Protein chains: 2
Amino acid sequence: MAVRLKDIARDLGVSVVTVSKVLRGNADIGEETRKRVLKRMKELNYQPNMMARGLASGRTFTVGLIVPDLVHPFFAEFAKSLGGVLRTRQNALLLASSEEDPEVELQEIRTLLSRGVDVLIIASCQANLRNFYELGDKRTPYLLFDRNFPHLAAHFVGSDDVQVGEIATQHLIDLGRKRIAHIGGKGTSPAFDRLRGYRNALHANNLPSPTNYAVAYEKTEESGDTIGFQAMQQLLRLSPPPDAVFCYNDLTAIGAIDATLQAGLRVPEDIAFIGCGNLRYANYLRVPLSSVDHNTTELGRLAGEFALELSTDPEQSPRSILTPSHVVARASSIGTTPEKPTR
Amino acid sequence: MAVRLKDIARDLGVSVVTVSKVLRGNADIGEETRKRVLKRMKELNYQPNMMARGLASGRTFTVGLIVPDLVHPFFAEFAKSLGGVLRTRQNALLLASSEEDPEVELQEIRTLLSRGVDVLIIASCQANLRNFYELGDKRTPYLLFDRNFPHLAAHFVGSDDVQVGEIATQHLIDLGRKRIAHIGGKGTSPAFDRLRGYRNALHANNLPSPTNYAVAYEKTEESGDTIGFQAMQQLLRLSPPPDAVFCYNDLTAIGAIDATLQAGLRVPEDIAFIGCGNLRYANYLRVPLSSVDHNTTELGRLAGEFALELSTDPEQSPRSILTPSHVVARASSIGTTPEKPTR
DNA sequence: ACAATCGGCGTTCGCGCTAAAGTAGAATAA
DNA sequence: TTATTCTACTTTAGCGCGAACGCCGATTGT
């Protein structure tokens, strides 16, 4: 087995607790003893057994994260950034994916709780709040991200999605577009809020917002390209068709642009597009894609700080952190590719 | 606190061990008692405390995974697939990212071991084998993936990268190309093996393989586009320049194609390209990109099965599982985009 | 009839660690 | 002096579980 406190204590002729105290930086140990213990720990390459520590102390220095889809660049980047913050503070990340399935999500919540995570960060794929009631009677604090439940008093970290909808739409308006459509998502707070932002912007500029210009689909995250393609075909049949489209995400935009080009129209001359997410490859697409960047790395960092705070002090009143997003303009809206690739 | 075995035992007037035995499906419990216990477990929504179980039994039903980069689609997809397999078998996934930094990797190995993972799966970013010596004296079995150390007798799961190099190069040869270059990676086994496959294919077809046609760079994973761009500019200065290029990955290919187009050449008429990884967006790029698909989901599944096997039976002699890859041809090599998007 | 067996359950112990409560001796205070 | 307070430790008592073993009454075999 690995080295235990007991081994170090035996070697040095002190008690296990003394060694444990040195490990945790407890004040009431003499300088002499502390040095001897630390020296021996290094020599033996001691690593504390977190299970034992967790059992005894109730803290595991582990944060749980549940995302709907690991492959999605947004969640992957968030997880990466979060993991970086946790690592510098000696915490581990226990990561699970719910595959956009509420049943799986529930199971993963159980799994993580049974592993004793100190905090649970979750982008829930649920419509209702069932799973969180179950969380309620536990001691583990949780932190929602990306997807919020307005009626649940919970900690939250995410983009300001109303603002996302506003700046994306405003960008199209600023380019002189008048008939702006929206291909949106369904059933999640970002989808809802971006739609609201879209409407806000149209209203603020006295532009019409015909109801058939705003369409909403499910599964925009997994198969956005197909959905964008179909949705755009639908929008193209309207008369007049839109001259600009704000898409829920980049994949949707890619599909929508595809449909537009196949219909013999030009992008952005006939129809301009903007997506969300600022995909890594946005600049290398057939039509380089304008997009709203969510500053995901910063989001992950903030979530990490917040989570660590919650793990030392779980009893805080609910707090929301919203980060601002910004538009990255490329050919799909402004028509000329910038000299330098923009990220 | 959460429900414990003790609570159930008290409620039913039996001993804790009896309840524990029911939980684990131990044979020597009467049908009557078993039913009562299971019923009460459901009522109280009992979840075993994995830390306690881990301490007492030495098994945690947790698999650790360390990848160099979570955001990389290959690793993300692998992790997703692996996590799926583990979930169906009641195992959890403890995920860490080494950020391509051997120091971080070492720290993450320690972290995961101190959490008592039953198996450690790792795509190491190390050149030497230092970290694994440390692993050696522990009891935890480990499973390398993607990146192998030929001189280390270890379990391995990954693509057959020699074959990857061969089929990619053969694809270009089959299209009639004669001057085939390779923009490769550096310092990892896939980079080395793909280069070997490339050479094999050229040799088997009696084609020349000038040494300055095979270039190798580091950091191809993180900033492949930039590297591909620069590498291609270099290759274009040769005389004669190549008429086809096999790129280490898709991002490199994207950069290389960019350089080619900027030089006023046509893809694939003047130069054909093939990458590796079969990026989700490969079909939507300026030039839809031909690529080698690694069947990552299957790879993750196999790794999951292997890991579970190792966790129940750690003392196996080293075994390697290599999965075959296949070419997905798109415009960057064959010149015409297929009707249906191919994935 | 009596040992041998077996199904069904309980007891004991300890995994590696920490929180809390000692304790012995030295220093300080009244 | 004698009580008080520190300092630097040690002892005790679990955290929630599982492995190993123990035990008791009922059945079986001869």
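What you are looking at is a predicted structure, and each value in this text was computed from that prediction instead of being measured. Each chain gets a letter, A, B and so on, in the order the sequences are listed, and its residues count up from 1.
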### Query
Tell me: CZ of A/R24 to P of C/dA20, nearest whole Å?
10 Å
### Task
Between D/dG18, D/dG16, D/dG14, spot the one nearest the side chain of B/L55, thanks.
D/dG16
### Query
Between the axis at one end of the helix from C/dA1-D/dT30 to C/dA30-D/dT1 and the axis at the other (five pairs apiece), what's the angle to 10 degrees?
50°
### Residue pair A/T312 / A/R59, side-chain heavy-atom distance below 4.5 Å
yes
### Query
Is A/R147 positioned over the aromatic face of A/F145, cation under 6.0 angstrom from the ring centre and no more than 45 degrees off axis?
no
#### Entry: Atom-to-atom span, NZ of A/K35 to C1' of D/dA8 - whole angstrom
16 Å
### Query
Can you find a side chain N or O atom of A/S20 that sits less than 4.0 Å from OP1 or OP2 on C/dT18?
yes
### Query
How far does CG of A/L299 sit from CD1 of A/I321, to the nearest 0.5 angstrom?
9.0 Å
### Message
What I want to find out is whether B/E77 reaches B/K80 closely enough, with some N-O distance under 4.0 Å, to be called a salt bridge.
### Response
no
### Value in whole Å for how far the P atom of D/dG18 lies from NZ of B/K6
14 Å
### Query
Do any side-chain nitrogens or oxygens of B/R59 fall under 4.0 Å of OP1 or OP2 in D/dC17?
no
### Message
Quick one: does any side-chain atom of B/S57 pair with a main-chain N or O of B/R53 as donor and acceptor, under 3.5 Å?
### Response
yes
### Query
Can you check whether B/Y46 has a side-chain N or O nearer than 4.0 Å to OP1 or OP2 of D/dC17?
yes
### Message
I need the CG-P distance between A/N49 and D/dC15, as an integer number of Å.
### Response
18 Å
## Note on the structure
Going 5' to 3' through nucleotides 6-11 of chain C and flagging B where a protein heavy-atom sits under 4.0 Å of the base, S where only the sugar-phosphate is that close, and - otherwise, we get --BBBB
### Query
Relative to A/F306, does A/R319 satisfy both conditions: NZ or CZ under 6.0 angstrom from the six-membered ring centre, and within 45 degrees of the ring's axis?
yes
### Message
Is it the case that the side chain of B/R89 and the backbone of B/V85 share a donor-acceptor pair, with hydrogens and angles ignored and the cut-off at 3.5 Å?
### Response
no
### Query
Should A/R36 and A/E32 count as an ion pair when the cut-off is N to O under 4.0 Å?
no
### Task
State which residue, out of A/V19, A/L38, A/D7, A/L23, fulfils the side chain to side chain contact (heavy atoms under 4.5 Å, CB included) condition with A/Y46.
A/L23
#### Entry: Length of the CZ-P vector between A/R53 and D/dG16, whole Å
18 Å
### Message
Without decimals, in angstroms, what is the distance between A/N26 CG and C/dC17 C1'?
### Response
14 Å
### Query
Whole Å only: how far is the CZ atom of A/R115 from the P atom of D/dC15?
22 Å
### Summary
side chain to side chain contact (heavy atoms under 4.5 Å, CB included) with B/I121: of B/L143, B/L112, B/L310, only one passes, and it is B/L143
### Message
Distance check needed: C/dC17 P versus B/M51 CE, whole Å only.
### Response
15 Å
Between N or O atoms, less than 3.5 Å apart, protein on one side and nucleotides 23-25 of chain D on the other: list the pairs.
none

### Query
B/V67 and B/F74: side-chain contact (heavy atoms from CB on, under 4.5 Å), yes or no, with the steps?
CA-CA 10 Å; B/V67 297; B/F74 172 74; over 6 Å; no
#### Entry: Salt-bridge contact B/R110-B/E105 (side-chain N to carboxylate O under 4.0 Å)
no
